[in-house]
Amino acid sequence: MSPTVFFGAGSKSSFPIAQIKNQIQVVKDEVKQAQTAEQIQREIAKDEKAKGDAIYWAISNLDCKNPNNQQDFEHLPPEQLVADILEKDRRVAEIMAEIKALLEQ
C-alpha cells in the first residue's frame with residue numbers, strides 16, 4: 001500500500017521529500033565508503049598474495065639449476081660418459097679396498 005500524500009496549502013505529506021532525499025544521500029555515502037574500503041582490502045590482498053607467491057615459487061620452483069654443478073652430462077659424448085663412470089668405479093673400488101685393509105688390521 002502506497003503512502004498517502006496530501007497536496008495543497010498547509011497540507012503535509014506523510015513522508016517529507018527532503019527527509020527521503022537525505023536518507024538516500026546517507027545510503028549513497030555509505031555505499032561509496034564500503035566500495036572504497038573494499039578496494040583498499042583488494043589492494044592489500046593483492047599485495048599479500050604477491051608476497052606469498054614470491055616465497056612459494058622460490059621454494060617450489062624445480063626449474064632452478066644447481067649452481068654447484070660442474071658439468072652437464074647430457075652434452076658429453078657417450079665415450080666420455082663411459083670413461084667417467086669407469087674411473088669413478090675404479091676409485092670406489094680403491095676406497096673399498098682401503099677400508100677392507102683397515103678393518104683387517
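These values consider heavy atoms only, across backbone and side chains, with no hydrogens, waters or symmetry-generated copies. The residues of the chain are indexed from 1 along the displayed sequence. Predicted model only: the values in this text are computed from it and were never measured.
Side-chain polar atoms of D29 and Q33 form no donor-acceptor pair below 3.5 angstrom.
Rounding to the nearest 0.5 Å gives a distance of 11.0 Å between CE of M96 and CD of E98. Between Q25 atom CD and E30 atom CD the span is 11.0 Å, to the nearest 0.5 Å.
Both I95 and L103 sit in one connected hydrophobic cluster of ILVMFWY residues. Membership requires side-chain heavy atoms under 4.5 Å apart, directly or through other members.
Taking a cutoff of 4.0 Å between a charged side-chain nitrogen and a carboxylate oxygen, K88 and D84 do not qualify as a salt bridge. A salt bridge links E38 to R42: one of the charged nitrogens lies within less than 4.0 Å of a carboxylate oxygen.
Using a 4.5 Å cut-off on side-chain heavy atoms (C-beta onward), Q39 and Q35 make no contact.
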Using salt bridge (charged side-chain N to carboxylate O under 4.0 Å, His left out), reason through D53 and K49 one step at a time and then give a plain yes or no. CA-CA 6 Å; D53 284 349; K49 183 181 182 306; 2.8 Å; yes
Side chain to side chain contact (heavy atoms under 4.5 Å, CB included) evaluation trace for V26 with Q23: CA-CA 5 Å; V26 168; Q23 289 175 346; 5.5 Å; no
